[in-house]
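Taking it in order: structure first as structure tokens, then the write-up.
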Amino acid sequence: MNEQLNTLHTTGLAQLSGAANLEDLEQVRLNYFGKSGQVTQLLKSLGQMDAETRKTQGAEIHKLRETLQTAFTSRKDALEQAELDSKLAQEKVDITLPGTAHTTGKMHPVSATMIELAEILGRMGFGHAVGPEVETDYYNFSALNIPAEHPARQDHDTFYVETKDEEGLRKVLRTQTSNVQIRHLQNNPAPARIVSFGRVYRHDYDATHTPQFHQMEGLAIDKDLTLGHLKGTIQKFLNDFFGREVTLRFRIHYFPFVEPGLEVDVAWPIDQKADEKTRWLEVMGAGMVHRNVLAACGVDHTQWQGFAFGAGIERLAMLKHGFNDIRQLFTGRVDFLQSYGQLAAKLTAK
Ligand code: DAH
């Protein structure tokens with residue numbers, strides 16, 4: 001018996017210290033301490049021994065079990081440590097390497113400009129209205145005092161779609177956001193004070209025109225509105241938008257849906273560094289709402305009057321940020337956005 005214990009002792013210790021990794025070690029453990037492991041068997045055999053043998057053998061067997069168990073634990077610790085060391089060595093991080101840069105996304109200048117204008121006009125009491133981009137001939141033209149055959153229709157380079165409206169006329173991709181004036185006034189009784197932003201479409205393409213662009217449309221209807229209110233409103237929101245007191249010129253211009261109609265020019269520095277020299281840049285159209293337009297909306301022109309204004313968003317964004325080709329806005333280039341986009345946080349913080 002003692003010889004058997006001695007052999008178990010030596011081979012056990014040898015096998016434990018010879019285990020090359022944790023898996024091997026587990027095999028060795030099972031071999032001795034598993035359900036039918038050799039030490040387990042010995043412990044089980046204690047029950048069949050007579051009291052005398054058990055006394056002497058029992059102590060020996062327990063000693064062996066303890067020795068092997070201690071050897072197992074220390075081998076396990078050593079192997080675990082070795083495994084960790086090699087993992088750490090493999091996963092060594094070179095903190096001198098350049099890191100992966102995470103750039104912050106920016107909002108497209110067109111979106112940012114629309115949000116900014118909505119905020120400025122919102123503070124001045126203008127609510128927000130929307131209208132469809134696929135529009136009927138009536139809302140895009142006729143109701144705005146541009147009947148069929150009116151020469152103003154020629155200025156619009158209109159895109160037509162296959163779908164026809166109730167009058168059998170082909171629908172259009174709206175050429176202006178002025179359609180929202182009509183839709184709003186037909187659905188909401190006067191007074192009105194709204195601004196609308198959205199895409200418009202014209203068959204045109206060069207450095208200052210793209211077939212799809214964005215416009216802003218403002219409308220104010222009340223009992224006592226005058227051209228003075230129109231001028232004051234435009235002056236205030238352009239000042240706020242450009243962040244300085246801008247010099248404006250209101251120039252008489254024909255738009256069918258207003259009377260009188262105006263074009264608004266901004267005195268723009270020719271050279272940003274020496275800003276005494278300026279030239280006039282047209283930024284928007286405006287005027288007092290035409291009585292025919294009020295009539296089309298069922299608004300009594302002897303009771304109500306008001307003004308409207310419309311501007312191209314890209315134009316305003318280009319002036320403010322100083323780039324001169326509108327097509328840059330629609331290339332989808334990340335480097336362009338990084339330069340001219342705006343941080344959303346900065347926008348809302350203002
Ligand atoms: N709808 C005009 C355009 O697309 C812009 C415009 C001019 C809008 C005068 C207005 C206005 O509301 O009063 O060119």
Side-chain angles (χ1 to χ4, degrees), residues 1-112 114-116 119 321 328-350:
M1 182 74 186
N2 280 346
E3 205 165 304
Q4 190 199 351
L5 292 185
N6 278 342
T7 324
L8 270 183
H9 183 257
T10 17
T11 52
L13 286 180
Q15 282 182 7
L16 285 168
S17 63
N21 52 46
L22 288 166
E23 272 166 39
D24 287 356
L25 184 68
E26 178 61 8
Q27 284 311 314
V28 179
R29 188 187 70 80
L30 289 173
N31 189 18
Y32 292 94
F33 298 109
K35 243 190 189 163
S36 47
Q38 301 187 61
V39 176
T40 316
Q41 293 302 330
L42 280 174
L43 289 166
K44 275 188 191 159
S45 70
L46 286 174
Q48 282 112 51
M49 291 177 189
D50 57 72
E52 199 49 34
T53 338
R54 191 184 310 139
K55 224 179 188 179
T56 51
Q57 289 301 309
E60 289 299 316
I61 291 171
H62 280 295
K63 215 167 97 195
L64 171 69
R65 181 186 60 103
E66 235 160 76
T67 315
L68 292 183
Q69 206 124 49
T70 316
F72 167 77
T73 314
S74 71
R75 184 65 189 150
K76 187 164 174 249
D77 288 349
L79 285 174
E80 277 175 353
Q81 186 60 45
E83 209 158 270
L84 185 64
D85 287 347
S86 88
K87 244 193 190 164
L88 286 177
Q90 273 168 27
E91 292 173 8
K92 197 152 67 181
V93 178
D94 182 352
I95 57 164
T96 63
L97 284 174
T100 317
H102 292 282
T103 49
T104 311
K106 288 193 176 173
M107 200 182 281
H108 193 277
V110 168
S111 310
M114 290 195 289
I115 291 174
E116 206 173 341
E119 283 180 358
H321 301 294
Q328 285 175 292
L329 281 167
F330 304 114
T331 55
R333 287 183 58 146
V334 173
D335 54 354
F336 174 78
L337 270 190
Q338 282 302 320
S339 307
Y340 293 106
Q342 287 195 43
L343 291 172
K346 204 176 139 205
L347 256 186
T348 46
K350 257 196 276 171

Are [X] and [Y] side-chain neighbours, meaning at least one heavy-atom pair lies under 4.5 Å?
X: Q342; Y: I115; result: no
X: L42; Y: Q57; result: no
X: K35; Y: L30; result: no
X: H9; Y: L13; result: yes
X: T11; Y: Y32; result: yes
X: D24; Y: N21; result: yes

Tell me whether [X] contacts the main-chain N or O of [Y] through its side chain, where contact means a donor paired with an acceptor under 3.5 Å.
X: T40; Y: S36; result: no
X: H108; Y: L329; result: yes
X: R75; Y: L25; result: no

Requested in this report: Show your reasoning for whether salt bridge (Lys or Arg N to Asp or Glu O under 4.0 Å) applies to E80 and K76.
Outcome: CA-CA 6 Å; E80 277 175 353; K76 187 164 174 249; 3.7 Å; yes

Closest heavy-atom contact between [X] and [Y]?
X: L16; Y: A71; answer: CD1-CB, 3.7 Å
X: P109; Y: G341; answer: CD-CA, 4.2 Å
X: F72; Y: R29; answer: CZ-CD, 3.3 Å
X: F33; Y: Q69; answer: CZ-N, 3.8 Å
X: K106; Y: L337; answer: CD-O, 3.6 Å

Spatial distance of atom [atom1] ([X]) from atom [atom2] ([Y]) [nearest 0.5 Å]:
X: S111; Y: E116; atom1: OG; atom2: CD; value: 12.0 Å
X: N6; Y: E60; atom1: CG; atom2: CD; value: 8.5 Å
X: L5; Y: T67; atom1: CG; atom2: OG1; value: 10.5 Å
X: I61; Y: Q4; atom1: CD1; atom2: CD; value: 8.0 Å
X: Q41; Y: Q38; atom1: CD; atom2: CD; value: 9.0 Å
X: R65; Y: T70; atom1: CZ; atom2: OG1; value: 9.0 Å

Report task. Determine whether the side chains of D85 and Q81 contain a donor N or O and an acceptor N or O closer than 3.5 Å. Result ->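 Present: a donor and an acceptor within the cut-off.
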
Query raised in the report: Does atom NZ of K44 have more than 12 heavy-atom neighbours from other groups under 6.0 Å away?
Result: yes

Report task. Take E52 and K55 through the test salt bridge (Lys or Arg N to Asp or Glu O under 4.0 Å) and record every step on the way to the result. Result -> CA-CA 5 Å; E52 199 49 34; K55 224 179 188 179; 5.3 Å; no

Requested in this report: Run the numbers on Q15 and L68 for side chain to side chain contact (heavy atoms under 4.5 Å, CB included), then give the verdict.
Outcome: CA-CA 10 Å; Q15 282 182 7; L68 292 183; over 6 Å; no

